[in-house]
Structure formats: structure tokens, C-alpha cells
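These notes concern the structure reproduced below.
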Amino acid sequence: MDSRSHTHVTAALRLCLHALLLGLLALVAVRAVGEGAPHAGAVVALTLVTAGVYGAGALAGRPGPAGAGVRAGAEVRAGAEVHAISERQRASMRPGSRAAALWLAALCALWLGLLVLSPDALWVAFPLYFLQLHLLPTRWGVPAVVVTAAAAITSFVVHRQEIAPGAFIGPLLGAAVAIATVLGYDALFRESERRRELIVELVATRAELAEAERTAGTLAERERLAREIHDTLAQGLSSIQLLLRAAERTLPGNAPAAAHVRAAREAAQANLAEARSFVRALTPPDLEHGSLAAALERLCARTTGPDLTVRFAVSGTPVELPTPYEVALLRTAQSALANTVRHARAGRAEITLSFMDTSVALDVVDDGRGFDPSGAPVAERGDGGFGLPAMRSRAATLGGTLSVESAPGQGTALAVTLPVAVPTEERAA
């Protein structure tokens, strides 16, 4: 049920409550006059005062519909601001709760005065039940309803000078119905709020997931284009440049074709530089403003939190790596740290980037709960994340290897090693 439905229902219940209480007050006055009661004038005057006090409170917005109508409508309109319905919070959320309690006390006092003068005033107890349950916390509202029912029963016994089963059953049954109605309504409303909050959370999660999928797709396409340009156009232009340089060296200096070969070599060199700039532009954002080591250091700083400390270290002399190598190592580090955060329950993790003579290695070690590498790790069960098979596939594509050492309760150590073999064409270029 949306907020508009709540508004219509609660408005109708509020009008019914007003009509019921004012109608019962009118009945008390009419019966007192019609039956010639000894205090008919005082009864009429007191009913008018009671109606005036109730009307003033109703116009000021104090009373609500049966049970928790106004509160329900307000909480629905409040939306995301309402997350718990504890008694203390509900009492604190009611505007003017102290004034409302005083107003209710005045109504009850006037009603007790009517009970003394007329036995018909006991019927007014029924709308009072709902007002008490609405304006008072449950720990006070239920006892107030019990006291009101007891007062109604006592009035009947005193005025009629007899004890009848109906005198007890009527007020007590009305009190039970009022309590059950209000508490049941509150329980249904709390359940509705929980479901509404769950729906809001699911919608937000779906939007975040869609955005994450779009971002992941964009980054994956950028990486694919960077690899394609690097492995095809850039390498082809580099080879053309080398062949033209070799042809230029074999030609005599005064050969008519020398100038054309030189122009072609310079054009190939310019286009090679342009292709490499495209590759740099299509690399992951973390690699756009600095080296791989700087990107890994920023990754560790972002991942470090209250429950996890991540450190980064570089071993050996850093060398410039091809873009696919940097992308593969960065993505592996991101995936390994993501698994550490989600599944390992680790307190400390370390990333080490090691430059060796013929290879480069990335080690990710944590002190988490570990797992059995021979089984299926959590990250491979469709729970999200990069996954060890994908890490191995990326490393294998570049001629590297991935190794994992772990055991339950003993942390995890992941190492990816890529061979560093700069092509002859690039060295000559």
C-alpha cells in the first residue's frame, strides 16, 4: 500500500473516530434531557465542554484515527527516515506528545465527570480506548485502557445498583478489540515498512549492479582495444619502420629512392607513436597517471580500512613494462584484494612487485582464514570477483604462471609471474 492509500484510509478512520465520539456525547446529552435526569443541565454543559475540548485537539491535529492512523500516514510519508518503530522512538516522533498527553488527560477527566452524572457516558469509553492507545506508548496505553474499562464498569454498577454480565463483558470486550486492532495494525505496518525498505534496498542494489556492469564492460573493451592495437598495429608499424631503416642503410646516399624510403620510415615512426598514444589512452584509469607501482600503491591505500591493513613494496629495479603486462598485474592485484576483503576475514595483507632479470612477479599475501586450493574457493562459486581461473587465463595469455598456496586457517599467498622479453623490434626502435 502506497502513501496515498494510507492517507485515504487514515483520513476515513479519523473521520469515523470523530463522528463516533461526538455522536456518543450527543447521545448522552439527549438521553439526559429526554429522561429528565436530575443533573440534565450539568450533563449537557459537560458534554458541550468535552466536545469543545475534543474539537480543539482535533483541529490542532492531536488525535489520530483508530489506533495509529496518523502515525502510520506520517511514517509512510517520512519514507527512508523511519527505520525502527520502537516504543521510545514512536513516542519521540509524535509532535507535541506532552501537549497531547495533557489533552488526553483533560478528556479523561471530563469523561469521569460525565460518568458520575450519567451512566450513559460509559459508551464514550470506546473511542477513548483508541485515543489512549494512539497517544500513549504501549506500556502506558494498555494500562490506561484497562483503567478506563474498570471505570466504565464501576459507573454502571453504581448507577444501576446491580451487577449484570453485560456490564462487564461490554467494556472489557471493547477494550480487547481496541488493543488487538491497534497492536495488529502496528505489526502490519512495521512489516510493510520492512518490506518497503527491502524493496528500496533492492532497487538501489540493482542500480549499483547495473552501473558496475557498465563500468566493467567499458574497462574490458578499453583493455581489449589496447591489446589489439598493441599486438597488431603497433607491432606491424614497428616492423615496417625497421625494414625501412634496413632498406635505407643499403641504399646509396644519392639513390633516387632514398628520400622516399626515409619519408616512409618517418611516417611509420610517427604512426607508431600515435598508435602507442592510443594504447596509453585506452589503459585502465589507475595506470593513466603514473606507473604500475604507483597504481598498486593507490590500490593498497584505498583498500586499507579499520579491519584490514594493506602494505605495498617494490623489489628490484623497476623497468618499463608493456601495457598488457601492467594491466594484467593490476587486475590480478585488484581481484586478489577483493577476495581478501570479501572472504578472507584478514587483518593484514601485503602486495609485493618484484622486478627480476627475465621476469616480473606480483605476490599477494594475507593472514586470513585461507581455503583448500584443491577444492573450489569461494571466489569461484559465482559470488563475484575475478576468480582464480580468470587470473590463470590472463597470466597464461602473456606466457606467465599463477600459483596459490593456502590452507584453512593459515592465510593465502598468491603469486603471478610474467616473463619480461622485450621484442627485438622494440629494442631497435
Side-chain angles (χ1 to χ4, degrees), residues 9-32 34-35 37 43-44 46-58 62-72 100-101 103-160 162-188:
V9 171
T10 54
L13 291 174
R14 183 166 55 248
L15 291 177
C16 291
L17 179 63
H18 297 338
L20 177 62
L21 193 143
L22 295 177
L24 291 174
L25 288 176
L27 177 64
V28 172
V30 169
R31 285 178 62 88
E35 294 179 359
V43 171
V44 172
L46 201 53
T47 54
L48 292 176
V49 172
T50 304
V53 171
Y54 180 81
R62 301 304 184 195
V70 169
R71 181 171 72 250
W103 173 81
L104 179 62
L107 275 181
C108 291
L110 292 171
W111 174 70
L112 290 175
L114 280 176
L115 278 181
V116 174
L117 298 177
S118 171
D120 296 323
L122 70 90
W123 304 113
V124 182
F126 294 103
L128 285 180
Y129 293 155
F130 292 102
L131 288 176
Q132 290 166 344
L133 291 171
H134 166 61
L135 295 175
L136 300 176
T138 303
R139 65 178 184 275
W140 298 111
V142 173
V145 169
V146 174
V147 172
T148 301
I153 295 172
T154 302
S155 171
F156 181 88
V157 172
V158 170
H159 283 285
R160 301 297 184 183
E162 62 177 332
I163 299 177
F168 290 88
I169 295 175
L172 292 178
L173 183 60
V177 170
I179 293 173
T181 300
V182 172
L183 295 184
Y185 186 93
D186 280 351
L188 290 175

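Bear in mind that the values here come from a model prediction, so they are computed numbers and not experimental data. Values below: every heavy atom of this structure, side chains too, minus hydrogens, waters and symmetry copies.
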> Under the side chain to side chain contact (heavy atoms under 4.5 Å, CB included) criterion, do Thr50 and Val124 qualify, and how do the steps go?
Replying inline: CA-CA 11 Å; Thr50 304; Val124 182; 6.0 Å; no
> Can Tyr54 and Leu131 be said to form a side chain to side chain contact (heavy atoms under 4.5 Å, CB included), step by step?
Replying inline: CA-CA 11 Å; Tyr54 180 81; Leu131 288 176; 3.8 Å; yes
> Do you know which two heavy atoms are closest between Gln132 and Cys108, and how far apart they sit?
Replying inline: NE2-SG, 3.5 Å
> What are the two closest heavy atoms between Gly113 and Leu46, and how far apart are they?
Replying inline: C-CD2, 3.5 Å
> Of the non-hydrogen atoms in Leu115 and Ala151, which two are nearest, and what is the gap between them?
Replying inline: CD1-O, 3.9 Å
> Between CG of Leu27 and CH2 of Trp123, what distance do you get to the nearest 0.5 Å?
Replying inline: 9.5 Å
> OG1/Thr47 to CG/Leu24 distance, rounded to the nearest 0.5 angstrom?
Replying inline: 12.0 Å
> Which of these passes side-chain contact (heavy atoms from CB on, under 4.5 Å) with Leu133: Asp186, Leu183, Val145?
Replying inline: Val145
> Looking at CG of Leu117 and CG of Leu112, how far apart are the two atoms once the value is rounded to the nearest 0.5 Å?
Replying inline: 11.0 Å
> Do any N or O atoms from the side chain of Trp103 and from the backbone of Val53 form a donor-acceptor pair under 3.5 angstrom?
Replying inline: yes
>> Please give me the minimum heavy-atom distance between Ala51 and Leu22, naming the atom from each residue.
In response: CB-CD2, 4.0 Å
> Aromatic rings Tyr129 and Phe126: how do their planes relate, parallel, tilted or perpendicular, breaks at 30° and 60°?
Replying inline: perpendicular
> Can you check side chain to side chain contact (heavy atoms under 4.5 Å, CB included) on Thr148 and Trp111, steps first, answer last?
Replying inline: CA-CA 10 Å; Thr148 301; Trp111 174 70; 3.6 Å; yes
